[in-house]
Novice: 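What follows is a structure written as structure tokens; I'll ask about it next.
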Amino acid sequence: MSGEIPGGVPAEVPDDAMLQDIVTLACRAPSIHNSQPWIWRLHGPELRLYADYDRAVPVADPDNRQLIISLGVALHHLRVAAAARGLRIELTRLPSPPRPDHLATVQFVGGQTPTPADVERARAITERFTDRLPMGPAPDDRLGDLVDAVSARSRTRIVTLPADTHPTLAHASRISEFQRRYDATYHDELAWWTADDPDRREGIPPSSLTSASEADRVEVARDFPLVVTDHSRRPAVEVDHATVLVITGPGETTADHLACGETLSDLLLEATASGLDTCIISHVLEIEASATMIDNLLSSADPAQVLVRVGVGEGHRPPVTPRRPVGEVFSRM
Ligand SMILES: Cc1cc2nc3c(=O)[nH]c(=O)nc-3n(C[C@H](O)[C@H](O)[C@H](O)COP(=O)(O)O)c2cc1C
């Protein structure tokens with residue numbers, strides 16, 4: 001199918017199989033509680049990305065900040081998938097202000113030969129997973145290269161928290177969980193997204209969560225319902241030595257959150273491609289007291305938007321987390 005993009009250049013829309021392929025890869029994106037709050041629609045020659053607010057996580061994320069960050073991750077995943085398939089695209093973010101749920105329009109503007117880096121990054125989409133076990137330390141040079149490479153491409157800043165901030169981070173993590181100890185609505189919501197049902201195509205399965213003895217070895221982590229087992233995987237790593245990276249940004253508008261999600265995706269995929277493991281951390285930013293503690297660690301005018309533990313997680317890989325069938329999230333108008 002062909003259409004017209006601004007400037008009069010004909011847009012060639014990939015065939016159905018190719019579109020399904022790149023959307024499927026985009027939907028491997030991580031999302032808050034694996035809620036997958038995205039809708040993809042082919043509208044003439046345009047592929048449009050919409051927010052699905054029915055999949056919001058209103059207690060943990062009352063202002064949908066993390067929902068939009070998740071969509072930014074999916075949008076960047078789509079760019080990576082398209083590049084690896086030899087498709088050149090142009091993105092328009094928030095193209096129709098009267099429809100704030102319409103987050104982006106993708107136009108296909110021709111072909112290009114994928115570079116080895118394009119192919120490697122797309123492979124990272126299928127290799128990446130959220131690693132909640134304790135990790136060994138990331139080598140300093142690899143971490144430095146990662147932060148430099150992603151920062152150079154990003155509108156948002158990435159701050160590497162030095163090891164001596166770890167006690168404050170751990171304290172902030174405990175404070176946020178303590179404040180929620182009696183918040184039944186929060187725990188009900190978390191229980192819903194972590195329900196043990198092998199047929200579910202959303203949420204976080206028990207195989208991706210940790211046992212009590214594993215959770216004890218990672219101080220900066222959301223307290224998910226514990227998996228009842230005597231597992232103590234990755235026993236050689238007695239305590240977590242991951243480095244925490246913080247993506248900061250103005251964080252006031254949907255555009256800010258979308259940009260933050262795109263940077264997050266870039267960071268996760270680049271880390272995976274360079275053999276590092278990652279775990280997104282957001283619970284500390286959901287409570288004002290702990291969010292302020294994190295912001296005070298940053299020499300940044302902008303607040304923290306999302307944190308990522310980065311380390312080396314040899315020796316264990318959980319089964320792949322589920323995703324909704326592509327037919328549920330992608331359709332033609
Ligand atoms: C905005 C955002 C916030 C997240 N917050 C957390 C978190 O606080 N703790 C955590 O363990 N995982 C967090 N995750 C990871 C998701 O739970 C995970 O991506 C999802 O369950 C899918 O699993 P996968 O990443 O292994 O594919 C977050 C992901 C996103 C995009």
Side-chain angles (χ1 to χ4, degrees), residues 24-38 51 55-57 59-61 63-77 124-135 156 169 172-173 176-177 180 186 189-190 192-195 200-210 214-215 218-227 240 242 244 246-247 249 251 256-269 271-272 277-287 290-291 294 304-310 313 316-324:
T24 301
L25 271 177
C27 295
R28 286 306 316 162
S31 55
I32 174 73
H33 296 354
N34 201 17
S35 51
Q36 305 164 56
W38 38 68
R55 307 189 67 77
V57 180
V59 185
D61 185 31
D63 52 7
N64 290 321
R65 191 180 60 84
Q66 298 186 62
L67 179 147
I68 300 292
I69 291 176
S70 304
L71 284 148
V73 182
L75 185 61
H76 181 268
H77 270 49
I125 290 180
T126 52
E127 283 173 5
R128 184 210 59 82
F129 67 99
T130 299
D131 191 336
R132 298 188 176 87
L133 292 182
M135 299 181 205
T156 47
L169 270 171
S173 186
S176 64
E177 293 298 357
R180 279 172 156 163
Y186 172 77
E189 183 180 82
L190 199 56
W192 194 87
W193 286 107
T194 54
R200 267 183 113 190
R201 310 313 302 159
E202 64 203 343
I204 310 176
S207 53
S208 291
L209 297 175
T210 51
E214 291 163 347
V218 184
E219 285 190 301
V220 186
R222 191 189 291 273
D223 285 351
F224 286 101
L226 293 169
V227 176
D240 185 44
V244 174
V246 186
I247 300 180
D256 295 335
H257 300 147
L258 199 63
C260 169
E262 291 181 67
T263 301
L264 175 61
S265 171
D266 198 1
L267 184 66
L268 297 172
L269 297 182
T272 305
D277 290 81
T278 56
C279 180
I280 303 169
I281 308 167
S282 57
H283 66 296
V284 280
L285 304 179
E286 292 164 6
I287 297 287
S290 46
I294 304 293
Q305 294 297 333
V306 69
L307 281 62
V308 185
R309 284 170 53 231
V310 182
H316 170 73
R317 198 198 153 91
V320 172
T321 49
R323 292 295 184 274
R324 298 158 71 203

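We number each residue from 1, following the sequence as shown. Being a predicted model, the structure only gives us computed values, none of them experimental. Start at 1 and go down the list; that is how both ligands and their atoms are numbered.
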Novice: Is R222 touching ligand 1 with its side chain, its backbone, both, or neither, if touching means heavy atoms under 4.0 Å apart?
Specialist: side chain
Novice: Does any N or O atom in T321 lie less than 3.5 angstrom from one in ligand 1, N or O only?
Specialist: yes
Novice: Of the side chain and backbone of I281, name the one, both, or neither that has a heavy atom under 4.0 Å from an atom of ligand 1.
Specialist: backbone
Novice: If the cut-off is 4.0 Å to any non-hydrogen atom of F129, which atoms of ligand 1 fall inside it?
Specialist: 26 (O)
Novice: Starting from atom 8 (O) of ligand 1, find the nearest protein heavy-atom neighbour and note its residue, name and distance.
Specialist: S282 N, 2.9 Å
Novice: What atoms of ligand 1 come closer than 4.0 angstrom to any heavy atom of S70?
Specialist: 1 (C), 31 (C)
Novice: Counting heavy atoms only, which of T278, D61, V73, N34 is nearest atom 22 (C) of ligand 1?
Specialist: N34
Novice: Taking only heavy atoms of I204, which atoms of ligand 1 are found under 4.0 Å from at least one of them?
Specialist: 17 (O), 21 (O)
Novice: How far is atom 6 (C) of ligand 1 from its nearest protein heavy atom, and which residue and atom is that?
Specialist: I280 O, 3.4 Å
Novice: Compare all side-chain heavy atoms of L209 with those of R132 and state whether any distance is below 4.5 angstrom.
Specialist: yes
Novice: Taking side chain as C-beta onward, heavy atoms only, is C260 less than 4.5 Å from Q66?
Specialist: no
Novice: Is a donor on one side and an acceptor on the other found under 3.5 Å between the side chain of Q305 and the backbone of G249?
Specialist: yes
Novice: Among D277, T278, D240, which one satisfies side-chain hydrogen bond (donor to acceptor under 3.5 Å, both in side chains) with R309?
Specialist: D240
Novice: Please name all residues satisfying salt bridge (Lys or Arg N to Asp or Glu O under 4.0 Å) with R317, sequence neighbours left out, ordered by chain then number.
Specialist: none
Novice: Report the nearest protein non-hydrogen atom to atom 16 (C) of ligand 1: residue, atom name, distance rounded to 0.1 Å.
Specialist: S31 O, 3.3 Å
Novice: What protein heavy atom sits nearest atom 26 (O) of ligand 1, and how far off is it?
Specialist: T130 N, 3.0 Å
Novice: Answer side chain, backbone, both or neither: which part of C279 comes under 4.0 Å from ligand 1, heavy atoms only.
Specialist: side chain
Novice: Considering only the protein, which heavy-atom contact is closest to atom 19 (O) of ligand 1, and what is its distance?
Specialist: P30 CB, 2.9 Å
Novice: According to salt bridge (Lys or Arg N to Asp or Glu O under 4.0 Å), who are the partners of R180, at least two apart in sequence or on a separate chain?
Specialist: E286
Novice: Do R222 and S282 meet the criterion of a side-chain donor-acceptor pair at a distance under 3.5 Å?
Specialist: yes
Novice: Using heavy atoms and a threshold below 4.0 Å, how should the contact between R323 and ligand 1 be classified: side chain, backbone, both, or neither?
Specialist: side chain
Novice: Looking only at side-chain N and O atoms, does R201 offer a donor or acceptor that is under 3.5 Å from a partner on Q36?
Specialist: no
Novice: Give the numbers and elements of all ligand 1 atoms closer than 4.0 Å to a heavy atom of H283.
Specialist: 8 (O)
Novice: What I'd like to find out is whether the side chain of L133 reaches to under 4.5 Å of the side chain of V218, using heavy atoms alone.
Specialist: no
Novice: Just to confirm my output: which protein heavy-atom neighbour is closest to atom 17 (O) of ligand 1, and how far is it?
Specialist: R132 NH2, 3.0 Å
Novice: Between T156 and T263, is a side chain to side chain donor-acceptor pair (under 3.5 Å) present by the stated rule, with each step listed?
Specialist: CA-CA 7 Å; T156 47; T263 301; 2.7 Å; yes
Novice: Report yes if some heavy atom in the side chain of R55 is under 4.5 Å from a heavy atom in the side chain of S31; otherwise report no.
Specialist: no
Novice: Could you check whether any heavy atom of V306 sits closer than 4.0 Å to an atom of ligand 1, since that is the contact criterion I want to use?
Specialist: no
